[in-house]
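Basis for what follows: all heavy atoms, side chains included, without hydrogens, waters or symmetry-related copies.
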Amino acid sequence: MDEPQTSLPTTKVARAARFAKTGFNVGTNYIKHYAKKAVGAESTTEDLHAANAAELYGTLSEMKGSVLKVAQMLAMEKNMLPTAYAEQFAQAQYSTPPLSGPLVVKAFRDAFGKSPFQLFDEFEPEARQAASIGQVHLARKDGKALAVKVQYPGVADSIKSDIRLVKPIALRIMGLNEAQVRPYLEEVETRLLEETDYKLELRRGQEIAAECQGLQHLEFPAYYPEFSTARILTMDWLPGQHLKEFLATNPSQEVRNQIGQALWDFYQFQFNTLHRLHADPHPGNFLMRADHGGTLGVLDFGCVKDVPQDVYQLFTALLAPETIADEARLAELLTHAGVLRPTDAPAMRALYLRTLQVSLELVGRPFRQPTFDFGDPAYMAALYALGDDLMADPELRKQREPRGSEHFIYLNRTYVGLFALLTELGAAVKTGMM
């Protein structure tokens with residue numbers, strides 16, 4: 001594990017200064033790159049991206065909180081970024097430097113007026129896991145093993161200012177302007193603010209676990225409100241392993257299929273019945289074990305996307321098989337979604353229609369057949385290749401402005417993450433028809 005952090009830049013001034021330094025260093029990297037090229041020295045665009053990615057990720061790791069959560073999202077949306085950024089940010093899905101013991105004790109004294117050693121029978125001062133918004137400690141109370149999540153200081157207060165600070169750097173990397181991305185940033189900011197509210201996470205975790213009781217091979221932790229606050233969350237310590245460790249045990253195909261089926265059924269039930277989604281499907285939020293033919297533990301209900309009824313209907317209609325074959329129907333739905341606009345030139349309208357037909361056919365393929373083998377990596381490779389092809393299209397590259405409902409950010413993120421998990425798991429599942 002990385003060296004613990006003994007302090008965090010929590011004030012707006014400190015965090016602004018850190019971002020200013022990063023912006024300066026990124027700018028310096030651009031200057032070095034073009035200076036080298038001017039004198040004929042070797043400096044590729046890949047070298048520039050690698051230098052900037054390392055600089056930016058270093059800052060995000062140090063800052064933790066909202067900006068590191070954005071890095072996690074960008075790691076999942078590989079096609080949004082140059083390869084160097086995606087590879088660097090992928091680290092955010094697994095580890096960040098933990099907080100030191102004294103900062104953890106201070107968090108408990110601020111919340112409960114007691115140290116964790118007074119609240120629990122046992123408490124490990126060193127974190128077992130460190131993530132973007134909080135870190136997890138193992139504790140025991142009355143013979144039960146507990147997972148205690150402690151939020152990093154200043155995270156909730158820093159989100160809005162962090163987004164303002166990181167925005168110029170992010171917009172420069174992605175070649176966009178603020179007006180183009182405002183609704184999407186507001187959607188992300190809302191979800192990030194919700195993630196800092198552990199009382200909300202506790203309630204959502206209890207609600208979704210209760211609603212999913214009828215689903216097989218799933219396990220949810222019980223939560224303990226008496227040991228929880230808005231910044232500290234206590235729940236059962238679930239058994240199991242994260243995906244990479246689990247796969248290292250060489251589980252059978254049957255076990256992988258059963259866990260994959262549980263994962264698929266969980267997401268389809270949430271979407272189609274609950275109209276809300278556990279919208280953070282990265283490997284760190286699931287625990288897997290071979291018991292009972294394959295069991296999936298579900299963690300972290302900090303990021304939950306409530307899906308409005310009209311958005312649900314639009315999303316399902318776009319993936320319906322009859323839509324792909326009916327260009328007029330597809331155009332109507334895309335206009336309603338804000339992807340097509342009345343002001344679009346005919347050639348641009350035709351380009352978007354053609355692009356979306358190909359994209360929706362590929363993205364919706366698992367939904368349109370009774371079973372789907374995610375164990376064949378060709379499907380995810382095709383998804384990523386499609387993204388590369390779209391980014392390489394000279395006409396589409398001119399149209400960098402994001403389009404469509406901001407609600408699709410977390411829907412797309414959820415299903416891309418789900419497909420990637422199932423592919424890495426190598427599961428064949430009964431997907432059914434939507």
Results of side-chain contact (heavy atoms from CB on, under 4.5 Å) for Pro225 - residues two or more places apart only | Leu202, Gln206
Under the 3.5 angstrom rule, does the side chain of Asn285 hit a backbone N or O of Pro281 as a donor-acceptor pair?
-> no
Qualifying ring pair (Phe, Tyr, Trp, His ring centres under 6.0 Å) pairs, either residue in residues 224-247, two or more places apart | Phe120-Phe227
Without swapping roles, check the side chain of His278 against the backbone of Asp300 for a donor-acceptor pair under 3.5 Å.
-> yes
Parallel, tilted or perpendicular: ring planes of Phe374 versus Trp264, cut at 30 and 60 degrees | tilted
Can any side-chain N or O of Ser228 pair as donor or acceptor with the backbone N or O of Thr234 at less than 3.5 Å?
-> yes
Can you tell me if Thr423 uses its side chain to pair, donor with acceptor, with the backbone of Pro377 under 3.5 Å?
-> no
Classify the angle between the aromatic ring planes of Phe271 and Tyr415 as parallel (below 30°), tilted (30 to 60°) or perpendicular (above 60°).
-> perpendicular
Output all residues satisfying side-chain hydrogen bond (donor to acceptor under 3.5 Å, both in side chains) with Gln270, sequence neighbours left out; order by chain, then residue number.
-> none
For Glu124, what residues pass the salt bridge (Lys or Arg N to Asp or Glu O under 4.0 Å) criterion, not counting sequence neighbours?
-> Arg128
Could you list the residues that satisfy side-chain hydrogen bond (donor to acceptor under 3.5 Å, both in side chains) with Lys305, not counting sequence neighbours?
-> Glu187, His407
If only atom types and distance count, is the side chain of Glu424 paired as donor or acceptor with the main-chain N or O of Leu243 below 3.5 Å?
-> no
Measure from the side-chain N and O atoms of Thr431 to the backbone N and O of Pro366, and report whether any donor-acceptor pair falls under 3.5 Å.
-> yes
Donor-acceptor under 3.5 Å (Asp280 side chain, Cys303 main chain) = no
Qualifying salt bridge (Lys or Arg N to Asp or Glu O under 4.0 Å) pairs with a residue from residues 134-143, counting only residues at least two apart or across chains | Glu122-Arg140
Can you check ring pair (Phe, Tyr, Trp, His ring centres under 6.0 Å) on Phe372 and Tyr379, steps first, answer last?
-> CA-CA 10 Å; Phe372 196 84; Tyr379 179 66; 4.9 Å; yes
Qualifying salt bridge (Lys or Arg N to Asp or Glu O under 4.0 Å) pairs, either residue in residues 212-235, two or more places apart | Glu219-Arg289
Judged by atom type as modelled, is there a donor-acceptor pair below 3.5 Å linking the side chain of Asp373 to the main-chain atoms of Gly375?
-> yes
Among residues two or more places apart or on two chains, list those pairs meeting salt bridge (Lys or Arg N to Asp or Glu O under 4.0 Å) that have a residue in residues 201-218.
-> Lys149-Glu201, Glu194-Arg204, Arg203-Glu207, Arg204-Asp306, Glu207-Arg276
Name all residues meeting the side-chain contact (heavy atoms from CB on, under 4.5 Å) criterion together with Asp110; count only those two or more places apart in sequence or in a different chain, and write none if there are none.
-> Lys106
Quick one: list whatever passes side-chain contact (heavy atoms from CB on, under 4.5 Å) with Asn257, sequence neighbours left out.
-> Gln253, Ala427, Ala428
Any side-chain heavy atom of Arg109 within less than 4.5 Å of one from Phe112?
-> no
Compare every heavy atom of Phe123 with every heavy atom of Phe117, then report the nearest pair and how far apart it is.
-> CE2-O, 3.5 Å
Under the side-chain hydrogen bond (donor to acceptor under 3.5 Å, both in side chains) rule, collect the residues that match up with His275, sequence neighbours excluded.
-> Gln309
Please examine the side chains of Leu233 and Met235, heavy atoms only from C-beta on, and report whether any two atoms are closer than 4.5 Å.
-> yes
Atom OH in Tyr267, atom CG in Asn272: separation rounded to 0.5 Å?
-> 14.0 Å
Okay, side chain of Arg191, backbone of Gly302: is any donor-acceptor separation there less than 3.5 Å?
-> no
Counting heavy atoms not belonging to Glu126, are there more than 12 under 6.0 Å from its CD?
-> no
Phe315 CZ to Leu333 CG distance, which is reported to the nearest 0.5 Å | 12.5 Å
With sequence neighbours excluded, residues passing side-chain hydrogen bond (donor to acceptor under 3.5 Å, both in side chains) with Gln258 | His217
Beyond-backbone contact of Leu287 with Pro239, side-chain heavy atoms, under 4.5 angstrom | no
For residues Lys430 and Asp265, determine if any side-chain heavy atom of one lies less than 4.5 Å from a side-chain heavy atom of the other.
-> no
